[in-house]
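Note that the structure is predicted; figures quoted are calculated from it, not measured. Within every chain, numbering begins at 1; the chains are lettered A, B, ... in the order of the sequence lines, protein sequences first and strands thereafter.
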Amino acid sequence: MPELPEVETVANGVHERVGGQRIVSVWLSSKPQTFKTPAAEMAAALEGRGIERVRRVGKHIVFDLDRAQDSPADSSSSANIQPVSVQPVNVQWIVHLGMTGRLLVSSPDVPLPAHTHAVLGLSSGRELRFVDPRRFGRLAIHSSATSDDAASPAGFQGPGREPLAIALPEFQALFRGRRLAIKSALLNQSLLHGVGNIYADESLFRAGIRPKRMAGRLRRAELERLHGSVQSVLREAIALGGSSVSDYVDADGVRGFFQLEHKVYMRTGQPCLVCGTAIRKIALGGRSTHYCPHCQR
DNA sequence: CATGTTTCCTGACAGC
DNA sequence: TGCTGTCAGGAAACAT
């Protein structure tokens, strides 16, 4: 179940393997719900593009594509001269891994895994493949006008604030007046994006806060602890290559190791590593939620 | 608008 | 062995 640390690991790994290469061919499966952008439109937007950078925004993987071929009908005219009337456009390929999505870089000789939904042929001769058995993943094209303001990078921004960048006052303001459980608020991607079930539970444990506490009623000091614990949990998980739970692997097929650091997630009934109390599991918003009833108030 | 609930999908696993 | 049933979960759609 890829969350921010796993997505960051995958994005970095894919960047190392395909950054600087050109997309020479595109094949997409016939599973329309996988494509937020219609498949034909997506294929046309990708084919011939160079991949400048692959990076993470929230739980999304963003492929920044070059603009070398924005005017294909005009290819006979001199290169690099854009008509003044045409606004330059940023084109990005957005990949969300959902639950079981994987991005693999393979030789074409390697048989296609089951549930392959996209194959991009690359100028290196290798293929970038999107494989997703459960099909909660999504692919989309994001187009946006470029900004002349170099300070504000144009393009896909994601639905919420970046947990690793947000300052304490803004973090505290996110939850002000909210009448839902803090766990649910942490999972709401339009507030903070990137935190999922594992890191929400682990962050709340470190901060000593019960998952069901109403977000808007947390004290300033509690939100300060939570701000710190969200960032420390995510940073430590990134350093360990993410958590391998069920079938998550990074772009190399290597498993992460942060699951060895989990204090509450999937430890139902086992003793709390701090106080020995049995870890409790409850359902909250339809999601399994794990906490220590002694350490978390 | 804010919040809560349902739905999508398949593989893994338990139990018989 | 092989079947059936249950569970997992991100985020969009839908309901309240």
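OP1 or OP2 of B:dC9 sits under 4.0 Å from a side-chain N or O of A:Gln33. Contact annotation: A:Lys36 does not reach the phosphate of C:dA11 (side-chain N/O to OP1 or OP2, under 4.0 Å). Taking side-chain N and O atoms only, A:His193 has no distance below 4.0 Å to OP1 or OP2 of C:dG10. Distances shorter than 4.0 Å separate none of the side-chain N or O atoms of A:Tyr199 from OP1 or OP2 on C:dG10. In terms of phosphate contacts, A:His115 brings no side-chain nitrogen or oxygen within less than 4.0 Å of OP1 or OP2 of B:dT10. A close approach under 4.0 Å does not occur between any side-chain nitrogen or oxygen of A:Arg179 and OP1 or OP2 of B:dA2.
Residue A:Ser184 is classed as having no contact, given no heavy-atom separation below 4.0 Å to the nucleic acid. Counting non-hydrogen atoms under 4.0 angstrom, A:Arg135 reaches the backbone sugars and phosphates but no base. Within 4.0 Å (heavy atoms only), A:Lys281 reaches sugar-phosphate atoms of the nucleic acid but no base atom. Residue A:Arg138 is out of contact with every strand shown, counting any heavy-atom pair closer than 4.0 Å.
Ion pairing of A:Glu162 with A:Arg56 is present here, as a side-chain N (NZ or NE/NH1/NH2) and a carboxylate O approach within less than 4.0 Å.
Side-chain contact between A:Phe130 and A:Leu97 is present, with heavy atoms from C-beta onward closer than 4.5 Å.
In this structure, CG of A:Leu97 is placed 14 Å from C1' of C:dA11, rounded to the nearest angstrom. Atom CE in A:Met99 sits roughly 8 Å away from atom C1' in C:dG10 (whole-Å rounding). Rounding to whole angstrom units, CG of residue A:Asn188 and C1' of B:dT5 are separated by 15 Å. Atom C1' of nucleotide B:dT3 and atom CG of A:Leu284 are separated by 13 Å, given to the nearest angstrom. A straight line from CG of A:Leu187 to P of C:dA8 spans 15 Å, rounded to a whole angstrom. Atom-to-atom, CZ of A:Arg134 to P of B:dA12 comes out at 9 Å; the value is rounded to the nearest Å. When the P atom of B:dT3 is taken as reference, atom CG of A:Leu186 falls 14 Å away, rounded to whole Å. The nearest whole Å value for the distance from the CG atom in A:Asp132 to the C1' atom in B:dG11 is 12 Å.
Judged by distance alone, with hydrogens and angles left aside, the side-chain atoms of A:Ser229 form no donor-acceptor pair with the main-chain N or O of A:Arg206 at under 3.5 Å. Not a single donor-acceptor pair under 3.5 Å links the side chain of A:Gln172 to the backbone N or O of A:Leu223.
Contact annotation: side chain of A:Arg287 to base of C:dA11, donor-acceptor pair present below 3.5 Å.
Between A:Gly177 and A:Phe136, the one whose closest nucleotide on DNA chain B sits nearer the 5' end is A:Gly177.
Ranking C:dG9, C:dG10, C:dA11 by closeness to the A:Tyr265 side chain, first place goes to C:dG9.
Residues A:Arg49 and A:Asp66 share a closest heavy-atom pair of NH1-O, 2.7 Å.
Between A:His117 and A:His115, the ring planes are tilted. Angles from 30° to 60° get that label.
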